[in-house]
Undergrad: 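Sharing a structure below in structure tokens format, with a few things to ask.
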Amino acid sequence: MSFGLKIRRSKAFSTVFRFCWSHWRQQPGRAGFMLCAVLMSTLADVLTPMFAGRLVDAVVSGSGSDPAAWSNAINAFYWLIGLALLAVILRHVTFMTIISFTLQSMADIAANSFHRIQRFSSDWHANSFAGSTVRKVTRGMWALDLLNDTVFVALFPSVVMLIGSTVLMTWYWPMMGLLVGLGSLLFVCITASMSLGFVAPMASLANAWDTRLGGSLADAVTCNAVVKAFGAEDREDKRLARVMGKWEDRTRRTWTRGTINGTLQAGLLGFMRAGVVGLALLLWAAGKANAGDITFVLTSFFILQGYLREIGMHIRNLQRSVNDMEELVEIHAQPLGIDDVAKAKALVINEGRIEFDGVSFHYGRHLAPLYKDFSVTIKPGERVGLVGHSGSGKTTFIKLIQRLHDVSQGAIRIDGQDISQVSQMSLRQQIAIVQQEPILFHRTLAENIAYARPSATQKEIENAARLASAHGFISALPKGYGTLVGERGVKLSGGERQRIAIARAFLADAPILILDEATSSLDSESEMLIQTAMERLMLGRTTLVVAHRLSTVRSLDRLLVFDHGKIAEEGTHVSLIQKKGGIYRGLFERQALELTKGLVMDVAE
């Protein structure tokens with residue numbers, strides 16, 4: 001393994017353990033109590049061989065009728081039983097404590113991860129598979145369970161047993177203590193080196209492909225309607241098979257390396273057993289050890305060997321749990337992208353004036369800015385349409401107002417308040433938006449409509465649905481407002497989903513309204529009803545309408561025509577349509593021509 005890779009592995013372990021420590025220290029009482037219980041139960045194991053040796057000494061020193069031998073044997077017997085009972089009780093207490101300790105940590109990690117993921121920028125979500133993200137979190141949660149068990153009830157007692165047995169044997173025979181201590185230390189070092197340097201890198205690669213496998217599965221399942229539409233089931237099977245092949249290869253190599261590591265550990269323990277037993281026989285031959293001493297040595301070694309054999313497994317589990325937690329820890333290490341300033345105040349909107357003041361903005365690492373020294377003011381209660389070719393900057397304008405991106409220079413103000421200085425939650429709660437492609441939760445229709453205002457009554461929900469022309473089709477459903485809509489609203493038609501999203505905006509009753517071609521998915525009859533309701537909804541509210549069909553913006557107060565991040569034209573529909581060679585007039589004429597052609601074709605048919 002290269003030096004650079006060693007550095008990365010070491011960094012991964014330290015990063016994961018710092019992350020775990022931040023959660024362990026939140027429960028100092030449980031952690032301290034658990035470590036004390038583990039320490040006492042392990043010391044009971046350390047002392048057991050000594051009293052086993054004394055029992056053998058008492059037995060071989062005389063017959064059962066000898067009062068002194070009997071007393072010594074009974075005394076050793078009581079100690080052995082007492083130590084065994086103490087170890088059982090303390091281990092039970094340890095396991096009961098670690099259940100609560102680990103569950104609390106797992107719950108905290110899940111909650112914190114969800115909290116961060118919800119607040120990551122829209123760019124982060126756009127570049128991340130939902131299935132992969134869920135896999136990272138759940139795998140990391142369960143990895144903490146394994147890591148806690150490994151550290152607190154496996155490795156810690158193993159270290160205590162190793163130190164205690166070495167000290168006890170050194171007290172009797174320095175050479176035996178030296179052999180056991182150095183042999184155990186060599187075993188642990190080789191095991192750790194193999195696990196971290198030989199097995200761990202391949203395990204990380206296998207986990208990366210496991211994440212990709214989860215993402216591929218989620219992607220295909222989520223888009224199953226598209227798969228069926230194009231009869232692409234076989235193609236998706238082959239695509240998944242390619243990912244599965246990579247995952248299988250990496251996982252096989254990981255398991256193979258783990259098996260090789262386990263075999264090496266077994267060989268090392270065999271050599272160590274031979275050394276300890278051989279030295280014990282030499283001490284006996286030299287008259288420096290009796291039967292009780294040999295029993296003490298062998299019992300100590302066999303107990304220690306059990307711990308050492310498990311150390312190899314524990315280190316492998318430690319390595320595996322760290323590998324499984326790496327991606328989760330990376331999520332927590334990533335900046336939110338767009339974060340509130342310290343002690344951000346809530347936005348207070350009294351009028352709804354929106355100002356772009358010398359704004360410059362560019363996406364990611366793009367060198368050329370989309371907006372440069374861009375300024376515009378939207379008056380309180382003004383109804384403004386955003387028009388232009390695709391990629392001209394209309395959608396970005398809307399996203400910047402919602403602070404889904406931060407500007408590079410300049411400021412965006414609402415009622416004189418810089419939106420970068422107020423809390424994002426207070427900003428977005430006062431902006432009602434209806435997107436062109438509405439997204440619904442797999443919840444009831446009532447819950448989806450009330451998402452804008454969870455405290456809304458059933459009467460208010462139904463009233464919003466009526467305004468959006470949704471009450472009729474909802475009432476016709478068997479469960480009415482209690483109908484589950486399916487993942488992302490898949491059980492509803494496009495027009496029905498759009499009307500639910502519009503009802504949600506009605507219920508929000510926000511001072512700023514954003515309509516991203518909100519009637520694009522509706523049939524003509526529903527569109528007419530919604531358009532009338534929209535006119536009522538716009539009254540007294542600052543309204544921005546992203547217009548794709550120009551027929552929807554004729555009655556607005558002002559139109560802003562975007563072109564390459566600039567406002568090329570502005571005015572009312574009437575004034576812009578009269579501008580010869582203008583962008584708006586060209587767009588309008590093109591749409592009118594397409595509509596005329598469509599009508600002619602319908603008549604011809």
Side-chain angles (χ1 to χ4, degrees), residues 13 16-52 78-111 139-168 180 184-185 187-188 191-192 195 265 269 299-325 328:
F13 266 72
V16 169
F17 271 97
R18 281 199 302 271
F19 176 79
C20 293
W21 170 252
S22 68
H23 288 276
W24 291 340
R25 67 184 181 184
Q26 294 176 16
Q27 303 180 71
R30 281 176 177 162
F33 179 76
M34 187 165 51
L35 288 174
C36 288
V38 170
L39 177 63
M40 295 300 294
S41 66
T42 307
L43 288 178
D45 284 344
V46 171
L47 295 174
T48 294
M50 183 176 69
F51 289 101
Y78 285 155
W79 270 101
L80 288 173
I81 297 300
L83 289 172
L85 287 175
L86 180 64
V88 169
I89 293 171
L90 289 174
R91 284 195 179 95
H92 177 75
V93 170
T94 300
F95 291 141
M96 293 302 295
T97 305
I98 202 171
I99 288 174
S100 300
F101 180 81
T102 299
L103 285 175
Q104 182 64 56
S105 296
M106 291 173 69
D108 290 343
I109 285 176
R139 186 172 61 210
M141 283 174 53
W142 288 107
L144 179 71
D145 176 38
L146 177 62
L147 189 141
N148 280 0
D149 287 347
T150 301
V151 170
F152 290 104
V153 298
L155 282 178
F156 178 66
S158 296
V159 172
V160 172
M161 183 67 192
L162 172 59
I163 295 173
S165 296
T166 301
V167 169
L168 205 55
V180 170
S184 300
L185 184 61
F187 175 85
V188 171
T191 298
S195 293
Q265 291 169 21
L269 284 176
T299 305
S300 291
F301 177 75
F302 287 134
I303 292 177
L304 178 61
Q305 179 179 257
Y307 276 91
L308 288 176
R309 184 184 295 112
E310 292 181 352
I311 277 182
M313 180 184 68
H314 300 329
I315 291 177
R316 289 197 300 274
N317 287 341
L318 183 66
Q319 159 256 308
R320 188 177 73 185
S321 59
V322 168
N323 290 149
D324 287 350
M325 289 189 70
L328 173 64

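Just so it is clear, the model here is predicted, and its values are computed rather than measured.
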Undergrad: Drop me the distance from Leu86's CG to Ile81's CD1, to the nearest 0.5 angstrom.
TA: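 CD1 of Ile81 is found 12.5 Å from CG of Leu86.
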Undergrad: Any chance you could measure Ile99, atom CD1, to Leu103, atom CG, to the nearest 0.5 Å?
TA: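 Atom-to-atom, Ile99:CD1 and Leu103:CG are 7.5 Å apart.
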Undergrad: Evaluate the side chain to side chain contact (heavy atoms under 4.5 Å, CB included) criterion for residues Arg139 and Leu328: first the C-alpha distance (whole Å), next the side-chain angles of each, then the deciding distance (0.1 Å), finally the verdict.
TA: CA-CA 8 Å; Arg139 186 172 61 210; Leu328 173 64; over 6 Å; no
Undergrad: Around atom CE of Met40, are there more than 12 heavy atoms of other residues, nucleotides or ligands at under 6.0 Å?
TA: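 For Met40, atom CE is not crowded (no more than 12 foreign heavy atoms under 6.0 Å).
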Undergrad: In sequence, state the C-alpha distance, the side-chain angles, and the governing distance for Phe156 and Leu35, and then conclude on side chain to side chain contact (heavy atoms under 4.5 Å, CB included).
TA: CA-CA 8 Å; Phe156 178 66; Leu35 288 174; 3.9 Å; yes
Undergrad: Mind checking the CE-CH2 spacing from Met34 to Trp24? Nearest 0.5 Å is all I need.
TA: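 It is 9.0 Å, given to the nearest 0.5 Å.
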Undergrad: Are Leu318 and Phe17 close enough that some pair of their side-chain heavy atoms sits under 4.5 Å apart?
TA: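 When only atoms from C-beta onward are counted, Phe17 and Leu318 do touch, with a gap below 4.5 Å.
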Undergrad: Between Cys20 and Leu144, does a side chain to side chain contact (heavy atoms under 4.5 Å, CB included) hold up when you go through it step by step?
TA: CA-CA 8 Å; Cys20 293; Leu144 179 71; 3.8 Å; yes
Undergrad: Before giving the answer on side chain to side chain contact (heavy atoms under 4.5 Å, CB included), spell out for Gln104 and Arg30 the whole-Å C-alpha distance, their side-chain angles and the decisive distance to 0.1 Å.
TA: CA-CA 11 Å; Gln104 182 64 56; Arg30 281 176 177 162; 4.0 Å; yes
Undergrad: Say you draw a straight line from CG of Asn148 to CD1 of Ile98; how long is it, rounded to the nearest 0.5 Å?
TA: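 Asn148 atom CG to Ile98 atom CD1 measures 5.5 Å (nearest 0.5 Å).
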Undergrad: Between Arg25 and Ser22, what is the shortest heavy-atom contact and its length?
TA: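 That would be CG-O, 3.6 Å.
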Undergrad: Indicate yes or no: at least one non-hydrogen side-chain atom of Thr102 is less than 4.5 angstrom from one of Phe152.
TA: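 Sidechains of Phe152 and Thr102: no contact.
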Undergrad: Heavy atoms only: give me the nearest Ala44-Thr48 pair and the separation to one decimal.
TA: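 Distance-wise, the nearest heavy atoms are O-OG1, 2.7 Å.
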Undergrad: Name the residue from Thr94, Thr97, Val38 that meets the side-chain contact (heavy atoms from CB on, under 4.5 Å) definition with Phe33.
TA: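 For Phe33, the side-chain contact (heavy atoms from CB on, under 4.5 Å) test succeeds with only one of Thr94, Thr97, Val38, which is Thr97.
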Undergrad: So, taking the atom named OG1 in Thr150 and the one named CG in Leu155, what distance separates them when rounded to the nearest 0.5 Å?
TA: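 Separation between the atoms: 6.5 Å.
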Undergrad: Any side-chain heavy atom of Leu47 sitting closer than 4.5 Å to one from Trp79?
TA: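 Result no, sub-4.5 Å side-chain heavy-atom pair not found.
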Undergrad: Keeping the roles fixed (side chain from Gln27, backbone from His23), state whether a donor-acceptor pair exists under 3.5 Å.
TA: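 Side chain of Gln27 to backbone of His23, a donor-acceptor pair under 3.5 Å: no, none is there.
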Undergrad: So do the side chains of Phe19 and Ile109 get within less than 4.5 Å of each other, counting heavy atoms only?
TA: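 They are in side-chain contact.
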